Amino acid sequence: MPHWLLKTEPSEYSYDDLERDGSTLWNGISNALAQKHLRTFQLGDRAFLYHTGKEKAIVGIVEVTGPPEADSDAENDKAVAVRVKAVKRLPRPVILAEIKADPAFAEWELVKQARLSVMPCPATLWKKVVSLSKGA
DNA sequence: GCCAACGTTGGC
DNA sequence: GCCAACGTTGGC
């Protein structure tokens, strides 16, 4: 089961908002590579939610609750959106600085390609982030 | 607030 | 189809 990372600007839509809503349609993704990733999402896949802007931290885990569907808001009629639900907040946020400080993450798009908003998260990195979130 | 990185647009 | 100009994102 693949894992992912979704970015969001918390002043626009935060993990708090998702917890309040229960689930939301993750739409408005226009970048071609991000769309390519989004199209391969499957029911039950899990993703980290990352807050950009002031926070720059992975804050929680979400789960895909349906297959990719047409993003009816998008100008591009091939664009897809995916419904996700909140699973759990991480015990503590894992900030970008500590991710960058660890060479294990050096090849991850989160570090290498700052502007990509939907990306895969290799299983080893997933475990590492979860483990970091349990630390001090 | 600045700017590097990257994507998109449009003239040729 | 190339590439210069421009716009956007997001870290700093």
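Small disclaimer: the values here were computed from a predicted structure and weren't measured.
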Exercise for the section: Indicate the atoms forming the closest heavy-atom contact of A:Gly28 with A:Asp71, along with that distance. Expected result: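 Heavy atoms of A:Gly28 and A:Asp71 come nearest at N-OD2, 2.9 Å.
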
Exercise for the section: Kindly give the heavy-atom pair with the smallest separation between A:Ala34 and A:Leu116, and that separation in Å. Expected result: N-CD1, 3.9 Å

Exercise for the section: Using heavy atoms and a sub-4.0 Å distance, could you list which residues of residues 106-118 of chain A are near DNA chain C? By number, please. Expected result: A:Ala114, A:Arg115

Handout entry: Set of ring pair (Phe, Tyr, Trp, His ring centres under 6.0 Å) partners for A:Tyr15, sequence neighbours left out
Key =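 By the ring pair (Phe, Tyr, Trp, His ring centres under 6.0 Å) rule, A:Tyr15 matches no residue at all.
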
So, does [X] use its side chain to make a donor-acceptor pair with the main chain of [Y] at under 3.5 Å?
X: A:Thr8; Y: A:Ser14; value: no
X: A:Trp26; Y: A:Val64; value: no
X: A:Asp45; Y: A:Gln42; value: yes

Exercise for the section: Measure the acute angle between the ring planes of A:Phe41 and A:Trp4, then classify it against the limits of 30° and 60° as parallel, tilted or perpendicular. Expected result: parallel

Practice task
Under the salt bridge (Lys or Arg N to Asp or Glu O under 4.0 Å) rule, what do A:Arg92 and A:Glu98 come out as? Steps first, then yes or no, please.
Solution key: CA-CA 13 Å; A:Arg92 70 165 183 91; A:Glu98 59 187 309; 3.0 Å; yes

Exercise for the section: Pick base, sugar-phosphate or nothing for A:Lys54, based on heavy-atom distances below 4.0 Å to the nucleic acid. Expected result: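 A:Lys54: no heavy atom of the nucleic acid under 4.0 Å.
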
Problem - Boundaries of the DNA chain B segment in contact with chain A, non-hydrogen, under 4.0 Å - result: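 Listing 5' to 3', DNA chain B meets chain A from B:dA5 to B:dG7.
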
